[in-house]
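Positions are given from 1, in the same order as the sequence printed here. Only heavy atoms go into these numbers, but all of them, side chains included; no hydrogens, no water, no symmetry mates. Start at 1 and go down the list; that is how both ligands and their atoms are numbered.
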Amino acid sequence: MNTTIDIKITQTSTSKLSTTDFDNLQFGQTISDHMFIADFKDGEWTDFRVEPYAPLMLNPANATLHYGQSVFEGMKAYKSKAGETLIFRADANQKRLNNSAKRLCIPEVPEDLFMEGLKKLLEIDNEWIPNRAGYSLYIRPFVFATDDYLGIRPSNKYKFIIFTCPVGHYYAKPVTVKVETAYSRACEGGTGFAKAAGNYAGSLYPASLVQKQGYDQLLWTDSKSHQNIEESGTMNIMFVINDTLFTAPLTTSTILAGITRDSVLTLAREMGMNVEERFVTVTELEDALHSGQLKEAFGTGTAATIAHISLINVNEEDYHLPEKPKDSFSYKILEELDAIKYGKKEDTHGWIMKLQ
Ligand code: COI
């Protein structure tokens, strides 16, 4: 798209900023004042605007409500000590949104529309970016179908929206997980690699079953053999077995190409860690837990950041993992990533977009 991005601005007259308790932020519950919106109709994106965050008008026949043609992203902006706004790997999120969109027959969002909309929104809602360690502004870009039509075909109309939420930690404490060997999240040829709304809907029921048993999340296995560990519902999953870091590869169509996943792998290789992108089997995991060779397990994700796993249930047996000591790999990698995200360390990877 080479046309000028002309964004119409309507500012709120009732900001929630002064009544928001930034000391008690629950993930996703506090939404900032404004949102960016663009409409897709007649084959192009039009009508770019920033408006007060408010309910949308949708007809009951809206295609997304019935057939789930919707994809989204999760990304974060941080405040440096000097007060600059730093957005982490926005280009990677823009590309992944379009990979997901393609799979769902949703039109791509051009890079300049994504970036200009994002920058304008963050300029207007700049004061919503928390300026304390461990806090950030979670950014939720998403695209969904808006045709009012009950036949099955891709919609002709869509909305692209970005809104934001100031957040602290997604998981307040270490996470407990159970290996799932009955239900499936994704299959070869399916939509598992995409950040599609329906992937999350389908995982709610199996997750609710393990939550009733006292676990926070499940560890998905492949849909055919239920032997290969794939990912968790809210994050990619990594294991340190002996001195090697393992995570599922992106060679199947079942794994979300996590941007935190990629950042961790990049930093791990630079730190001299052995890295293997291959499936760890349930049997291998069980053996490593039994023998004590499993040193660490953690999730990686934009919302979850680096989420330490304190307990894994495999084949109905609970295995407790050690506390996360300061010399653990996951602790060091969290420190390193945070240093880059908050601008305390030089960004040698081109991961940070700084807003003036
Ligand atoms: C993210 O990490 O951005 C996600 O979309 C995961 C979701 C659990 C909030």
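- In this structure a side-chain-to-backbone donor-acceptor pair under 3.5 Å is missing from Y215 to V175.
- Within a 6.0 Å sphere centred on CG of D42, other residues, nucleotides and ligands contribute 12 heavy atoms or fewer.
- Side chains of F163 and R140 form a contact here, defined as non-hydrogen atoms less than 4.5 Å apart.
- Take E116 and apply the salt bridge (charged side-chain N to carboxylate O under 4.0 Å, His left out) test, not counting sequence neighbours, and it matches K119.
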One pair per line, please: each N/O atom of ligand 1 matched with every protein N/O atom under 3.5 Å away, atom names first, then the distance to 0.1 Å.
unit_1   : atom_1 : unit_2 : atom_2 : d
ligand 1 : 2 (O)  : T302   : N      : 3.4
ligand 1 : 2 (O)  : A303   : N      : 2.8
ligand 1 : 3 (O)  : Y138   : OH     : 2.5
ligand 1 : 5 (O)  : Y138   : OH     : 3.3
ligand 1 : 5 (O)  : K195   : NZ     : 2.8

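- Counting heavy atoms of neighbouring residues, nucleotides and ligands inside a 6.0 Å radius, atom CD of Q213 exceeds 12 of them.
- Put simply, the side chain of N131 never gets that close to the backbone of K79: no donor and acceptor are under 3.5 Å apart.
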